[in-house]
Amino acid sequence: MRIAIPKETHPGENRVPIIPDHAGKLCKMGANVLIESGLGTGAGFTDTEYVEAGATVSQDRNELFSSADLLLRLRKPELDEVALMQRGCIHISYLDPFNEHELVNALKEQGVTAISMEMIPRTTRSQKMDALSSQANLAGYVMVIEAATHLPRIFPMMMTPAGTLKPANVFVIGAGVAGLQAIATAKRLGAKVTAFDTRPVVAEQVQSLGAKFLEIDLGETGETAGGYARELTSEQVAIQRQAQKDVISKSDVVITTAQVFGRKPPVLVTKDMVEGMAPGSVIVDMAAETGGNVEGSVPNEIVEWAGVTIIGKGNLAGEVARDASQMYSSNLYNLVEDNWHEEQHMFAVDFEHDILPGCIITHGGDVVNETIKNILEGGA
Ligand code: NAD
């Protein structure tokens, strides 16, 4: 089986889908691994390292697409790249299938088996393949470092002959994977941390990191069978906003990570709350790219409102591209390895597999994921 790995072309993307170590492991499994020259440059890996691992290097990007049995990527493909793929080719990457209708249709028409990394179930067994978690973890760390860089204060308490500095107050909204890592990182830097999440099970996790959980009575919230938050009603959002207002006004840093899987993130910090913060305070809106948890945040930009810095940077894990590549590559490798047919030396698309079927969006000329199919047909 020929596994091809083209270079990421999205502006500013330095992460690499497969690092040399995993390329070597794929070769040992019997795959013929072809990489595009310069694949690892953004994360500090040379072509030579891939060649030493057993891969072949190509300068011809089109050849990679047209000759691949399996394409391993980070970001979704471009439409003109899909047109180059062979019928029956397997393509694994982030796909954003809830929003990328034209792309999903193109993959279907081309007869490509498109596997979406976002759709890996969040179960214990699939943790090693869970790229949403590995990248969110790093994003949580990066958000705190960004906030600390822009805040004109330090995070820890400091008692010195020149006086005592109080610790910074950090408020984290949304304590999933990224939020919990943000809490842990801010605590390590010595900040006083408060957090809120709509899933009640999170309270204990927040407290075990040494942070305070803000209690807000929203009535029934719960979570989906997959462990995701349910969307709040507009009344619940109003209660949450009101209850957070006071904490936000006393915070030096607010970090927002609230997401509802497959839906637009809720706006939880409004302009009047931003205006209530002290000048110099910092907000990091992790959801900026997908609609924003914070009014006034701008995707991929750092803006100022009423003296408050609002950071809307996307691709936060990409800021630590070396580690992010290692983790994503490990997720991708584990997915391939878990579905590898040892005798035939190939990735087996097995609809009886316990993890894979839920992640397959298109196969054999059809959209096979029921949720996505419904959305495309206008049913959801
Ligand atoms: P996510 O990115 O979908 O959302 C981030 C957080 O925002 C979630 O904790 C969610 O509850 C919260 N949120 C949603 N609306 C909110 C609101 N109005 N106010 C405050 N917070 C709000 O979540 P995620 O980080 O991808 O994690 C999703 C779930 O999957 C979590 O339960 C996580 O623990 C679980 N998970 C399990 C495993 C595993 O068991 N192997 C692995 C990874 C994640």
Side-chain angles (χ1 to χ4, degrees), residues 94 96 98 116-141 143 171-184 193-206 208-209 211 213-245 247-248 254-270 273 283-295 314 316-317 327 330-331 334-335 338 354-355 358-359:
Y94 283 128
D96 193 11
F98 287 95
S116 158
M117 289 300 278
E118 294 97 332
M119 303 297 270
I120 301 269
R122 317 299 288 274
T123 60
T124 305
R125 200 180 92 66
S126 55
Q127 251 173 333
K128 60 182 180 177
M129 312 165 200
D130 181 354
L132 283 186
S133 285
S134 72
Q135 304 302 296
N137 225 320
L138 292 170
Y141 166 87
M143 282 189 289
F171 183 38
V172 178
I173 305 177
V177 179
L180 287 172
Q181 186 56 251
I183 295 168
V193 185
T194 304
F196 175 70
D197 196 293
T198 50
R199 290 179 299 121
V201 292
V202 175
E204 206 182 299
Q205 296 163 11
V206 166
S208 74
L209 290 170
F213 188 78
L214 180 69
E215 300 288 347
I216 304 177
D217 186 2
L218 293 176
E220 181 61 33
T221 50
E223 59 182 48
T224 65
Y228 287 110
R230 291 193 193 281
E231 195 169 25
L232 297 185
T233 62
S234 52
E235 290 79 17
Q236 286 174 314
V237 171
I239 296 171
Q240 179 180 351
R241 283 182 183 167
Q242 191 54 37
Q244 289 176 170
K245 212 170 174 166
V247 183
I248 291 174
V254 173
I255 290 176
T256 65
T257 76
Q259 301 272 1
V260 181
F261 192 71
R263 308 213 172 250
K264 210 169 165 290
V267 176
L268 300 171
V269 180
T270 51
M273 297 185 202
I283 301 177
V284 187
D285 183 4
M286 187 180 163
E289 261 189 331
T290 49
N293 288 145
V294 180
E295 240 174 36
L316 293 156
M327 289 168 101
S330 177
N331 296 143
N334 285 323
L335 176 65
D338 207 76
D354 62 334
I355 293 171
C359 323

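Indexing begins at 1, ligand by ligand and atom by atom, following the structure's order.
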Spacing of [atom1] belonging to [X] relative to [atom2] belonging to [Y], to within rounding of 0.5 Å:
X	Y	atom1	atom2	value
N331	Q135	CG	CD	7.0 Å
E231	T221	CD	OG1	13.5 Å
L218	F196	CG	CZ	4.5 Å
F213	E204	CZ	CD	11.5 Å
R241	I173	CZ	CD1	11.0 Å
L268	Q244	CG	CD	6.0 Å

Show the atoms of ligand 1 that are less than 4.0 angstrom away from any heavy atom in [X].
X	result
G174	7 (O), 20 (C), 21 (N)
S133	42 (C), 43 (C), 44 (C)
D130	42 (C), 43 (C)
L232	18 (N)
T257	5 (C), 6 (C), 7 (O)
L268	17 (C), 18 (N), 19 (N)
A229	10 (C), 11 (O), 14 (C)
Q240	17 (C), 18 (N), 19 (N), 20 (C)

If you define the side chain from C-beta out and look only at heavy atoms, does anything of L335 sit under 4.5 Å from M117?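 In short, these two side chains touch, coming nearer than 4.5 Å.
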State, yes or no, whether a side-chain contact exists between F171 and L214 at a heavy-atom distance under 4.5 Å.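 Contact flag for F171/L214 side chains = yes.
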For [atom], grab the closest protein heavy atom and report residue, atom and distance to one decimal in Å.
atom	value
atom 29 (C) of ligand 1	G227 O, 3.2 Å
atom 32 (O) of ligand 1	R199 NH1, 2.5 Å
atom 8 (C) of ligand 1	D197 OD2, 3.4 Å
atom 22 (C) of ligand 1	A258 CB, 3.5 Å
atom 25 (O) of ligand 1	V177 N, 2.7 Å
atom 39 (C) of ligand 1	R122 O, 3.2 Å
atom 3 (O) of ligand 1	Y228 CD2, 3.5 Å

Counterpart residues, side-chain hydrogen bond (donor to acceptor under 3.5 Å, both in side chains), relative to E118 (two or more places apart):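 Testing E118 for side-chain hydrogen bond (donor to acceptor under 3.5 Å, both in side chains), a comparison that skips the adjacent residues, returns S116.
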Can you list everything that forms a side-chain hydrogen bond (donor to acceptor under 3.5 Å, both in side chains) with R122? Sequence neighbours excluded, please.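 Testing R122 for side-chain hydrogen bond (donor to acceptor under 3.5 Å, both in side chains), a comparison that skips the adjacent residues, returns D130, S133, Y228.
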Out of T124, T198, L214, whose heavy atom is nearest to atom 17 (C) of ligand 1?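 Closest candidate by heavy-atom distance is T198.
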Candidate with minimal heavy-atom separation from atom 1 (P) of ligand 1, of K128, Q259, Q244, E231: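 Among K128, Q259, Q244, E231, the closest heavy atom to atom 1 (P) of ligand 1 comes from Q259.
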What residue among L180, D197, V193 forms side-chain contact (heavy atoms from CB on, under 4.5 Å) with V206?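 Of the listed options, the one satisfying the test is L180.
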Using a 4.0 Å heavy-atom cut-off, say whether A175 meets ligand 1 through its side chain, its backbone, both or neither.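 Under 4.0 Å from ligand 1, A175 contributes backbone atoms alone.
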Considering distance alone, does some N or O of G176 sit under 3.5 Å from an N or O of ligand 1?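 In this structure, G176 places an N or O atom under 3.5 Å from an N or O of ligand 1.
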For the backbone of Q236 and the side chain of T233, can you confirm whether one donor and one acceptor N or O come within less than 3.5 Å of each other?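 Checked: pair present.
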Does the residue G179 have a heavy-atom contact with ligand 1, meaning some pair of atoms that are separated by less than 4.0 Å?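 Heavy atoms of G179 never come under 4.0 Å of ligand 1.
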Is the closest heavy atom of L132 to ligand 1 under 4.0 Å?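 The answer is no: ligand 1 sits nowhere under 4.0 Å from a heavy atom of L132.
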Does a sphere of radius 6.0 Å around OH in Y94 hold more than 12 heavy atoms from other residues, nucleotides or ligands, not counting ones at 6.0 Å or beyond?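 For Y94, atom OH is crowded (more than 12 foreign heavy atoms under 6.0 Å).
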